[in-house]
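All remarks here apply to the structure that follows.
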Amino acid sequence: MKERKYVILNERDVKRTITRLSHEIIEKNKGTDGIILLGIPTRGRFLAKRVRDCIMEIEGVKVPTGAIDATLYRDDISRKDEQPPLKEMDIPENIDDKKIILFDDVLFTGRTIRAAMDVIMDFGRPMFIQLAVLVDRGHRELPIKADFIGKNLPTSLKEEVKVSLKECDGKDEVVIRETF
Amino acid sequence: MIDNAIKRKDLLGMDDLTVDEIEAVLETAEKLKEVSQRDIKKVPTLRGKTIINLFFEPSTRTRTSFELAAKRMSADAINISASASSVVKGETLIDTAMNLEAMNPDAVVIRHPSPGAPHIISRLLKSSVVNAGDGAHEHPTQALLDLMTVKEKKKRLSGLQVVIVGDITHSRVARSNIIGFKKSGAKVRVVGAPTLIPYGIENMGVQVSYDLKESIKDADVIMMLRIQRERQEGALLPSLREYSIRYGLDMEKLEDAPKDVIILHPGPLNRGVEISPEVADSPYSLILNQVSNGLAVRMAIFYHLLGGKE
């Protein structure tokens, strides 16, 4: 089995991308009022935290930030051989009438996002939910689209997109890998 | 992170579980506690699954816990108790089980006075079987919730000194806990009147003591067992009063125990027999934490057993 690997974003690119996403989020929402950042563990949560720190630098405001695990709401739970481990949940405050920005590392089929939105709805009635992702690799299976995209990356289904973040992988990088 | 979840069909006893499986259940249960603290205490994970609680012995805590656990995971739960079933008309356990199976449940939770009853039906049924207590044999979900409660408080299980006090002979809770704590690397000592300590218990790798006050001096965890009046055939104890004086845990006996000791009791309490009200209601006591954790552990068991497909 051979493997081809391309680095799409390096450490500096990731940093710039997160800075741009932070600016876009503030711009689109005309400030930070009522915003809550919720990341899907593992990497979405770290992205949310980085955007929070970035917004802190830009606006001087600490936006409430948490984590939302969608595992219990997945649609493939009884089709897998064994159950995936559950990850952390941390909703920092009441979400009623709040502006939720949901974070994930890679947007692919959209099924995880569907599940995550259902989790959010079980916690209250937000004013709206927006979606921010580091990479959109296409191949949606549900009518879902991101509001903030770090990198649009058209891929084939044979390729694998891997996001690495310092917090859990030791380095910041986005690579695309193909085995053949 | 524990990546190997549970691949077995049934949960019959702590004896079957590997250390990794125990840790996987505890980790899942710890995450699932959050569900019970929401306004909407329900997740859709096991939608469309059916769970039958088949209880041949009286129980409120365990049965309610299993039923709520099923419902919070969105499974449909049905309770059958022996007194209200065809068992009173003479149906055998196997016939009852086969008839239930014909209705296609996904799991059957069974409590039965005979050791091995869950094992028999697990071999007959395609659905998952969960042992909710079989005679004096095992009560695995109780042991798992006790492990979870201890781990939550002490942040570890390995190396802890656990002291189990009471009627060891008739206690499935003691048996499952001895196995569970030993597998998790804790040291276990059993304490009780000589008539209530089974012959050969040392073979399970536990210490034996007949002196409560002395035996809890180095305890991290004291687990008090209920004196089971329903299982006391014959004169094993002179009187409950004498038992209480020698083996009941009160503030005076607790004096010599470490200040950070924690006390567990599987319930229901015989206040004033094996545990004094002052101790049961003291900050050392984690009895109500056990009940909350029991719900989370049972949700975790359903999650692991019912999610996967062979």
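By convention in this document, chain letters (A, B, ...) are assigned in the order of the sequence lines, proteins followed by strands, and residues within each chain are numbered from 1. Because only heavy atoms are used, hydrogens play no part in the values below, and waters and symmetry mates are left out as well, while side chains stay in.
- Using a 4.5 Å heavy-atom threshold, the side chains of A:Met89 and B:Arg38 count as touching.
- Under a cut-off of 6.0 angstrom, the local environment of CZ in B:Arg47 is sparse, with at most 12 non-hydrogen atoms contributed by other residues, nucleotides or ligands.
- For B:Asp260, the CG atom sits in a packed shell: over 12 heavy atoms of surrounding residues, nucleotides or ligands are nearer than 6.0 Å.
- Judged by distance alone, the side chain of A:Gln83 and the main-chain N or O of B:Tyr303 form a donor-acceptor pair under 3.5 Å.
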Verify side chain to side chain contact (heavy atoms under 4.5 Å, CB included) between B:Ile40 and A:Phe123, making sure each step is shown before the conclusion.
CA-CA 7 Å; B:Ile40 300 175; A:Phe123 278 87; over 6 Å; no
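- Environment of CG in A:Asp33: sparse, with no more than 12 heavy atoms of neighbouring residues, nucleotides or ligands closer than 6.0 Å.
- A:Asp122 and B:Lys42 get closest at one heavy-atom pair: OD2-O, 3.6 Å.
- Shown here is A:Lys15, whose NZ atom has no more than 12 heavy atoms of other residues, nucleotides or ligands within 6.0 Å.
- Residues A:Val119 and B:Val43 fail the side-chain proximity criterion, which asks for heavy atoms closer than 4.5 Å.
- For the atom pair B:Thr28 OG1 and A:Leu72 CG, the distance stands at 9.0 Å (nearest 0.5 Å).
- Applying the 6.0 Å contact sphere to CD of A:Glu93 captures more than 12 heavy atoms from other residues, nucleotides or ligands.
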